[in-house]
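One structure below.
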Amino acid sequence: MKELAEYLLKALVLKPEEVAVSASEDDKGVVRVKAHVAESDKGKVIGKDGRVIKAVRAVMSAGAAKAGRKVFLDLD
């Protein structure tokens, strides 16, 4: 999941070298992904009314469901 989030976010931002992603998984199969992007790129990642970040979360949820997990993405 970490790699997927990193790939998607780097494709969206103007400063891909500043994208940092960390992930942790608990014993129930829930993956929590924390992403940090440059301050100037946050608006691009969030999008109008949060549409872009919702789409990224939807793609990640679909990938996690295939693996029998649940994923949460937080933007720093």
Side-chain angles (χ1 to χ4, degrees):
M1 290 294 104
K2 177 183 171 186
E3 294 83 14
L4 178 60
E6 194 170 347
Y7 176 78
L8 292 171
L9 293 173
K10 282 186 177 184
L12 292 172
V13 298
L14 294 174
K15 298 178 184 176
E17 66 277 356
E18 291 193 32
V19 173
V21 179
S22 64
S24 62
E25 185 174 354
D26 66 6
D27 55 345
K28 296 178 184 174
V30 177
V31 180
R32 296 206 175 267
V33 178
K34 290 191 177 190
H36 175 75
V37 297
E39 194 66 35
S40 59
D41 286 329
K42 280 190 180 181
K44 234 177 143 72
V45 171
I46 294 171
K48 188 180 252 184
D49 293 328
R51 290 183 185 160
V52 175
I53 193 69
K54 285 179 189 175
V56 171
R57 287 178 176 147
V59 169
M60 291 185 61
S61 292
K66 256 188 158 178
R69 296 181 181 152
K70 193 167 189 177
V71 67
F72 294 100
L73 173 65
D74 294 325
L75 185 63
D76 239 357

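Numbers for residues simply follow the sequence, beginning at 1.
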Counting only heavy atoms not in K42, do more than 12 fall under 6.0 Å of its NZ?
-> yes
Take atom CD in E17; do more than 12 heavy atoms of anything else shown fall under 6.0 Å from it?
-> yes
Closest heavy-atom pair and its distance - V31, A23 | CG1-CB, 4.4 Å
What pair of heavy atoms forms the shortest contact from K15 to A38, and how long is it?
->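 Closest heavy-atom pair between K15 and A38: CD-CB, 4.1 Å.
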CG-CG distance between L9 and L73, expressed to the nearest 0.5 angstrom =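 It comes to 6.5 Å.
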Under a side-chain separation threshold of 4.5 Å, the hydrophobic residues clustered together with V30 are F72
Check whether any side-chain heavy atom of [X] sits under 4.5 Å from a side-chain heavy atom of [Y], and report yes or no.
X   : Y   : value
L14 : K44 : yes
V56 : L12 : yes
V33 : M60 : yes

Among all residues two or more places apart in sequence or in another chain, which pass the salt bridge (Lys or Arg N to Asp or Glu O under 4.0 Å) test with K54?
-> none
Flag, side chain of D76 to backbone of K34, donor-acceptor distance under 3.5 Å =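 It does not hold such a pair.
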Between E6 and K2, is there a side-chain N and carboxylate O pair less than 4.0 Å apart?
->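 Salt bridge absent between E6 and K2.
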What's the verdict on side-chain contact (heavy atoms from CB on, under 4.5 Å) for R69 and E25, showing C-alpha distance, side-chain angles and the deciding distance?
-> CA-CA 10 Å; R69 296 181 181 152; E25 185 174 354; 3.4 Å; yes
N/O donor to acceptor pairs below 3.5 angstrom from side-chain atoms of residues 45-53, sequence neighbours left out:
none

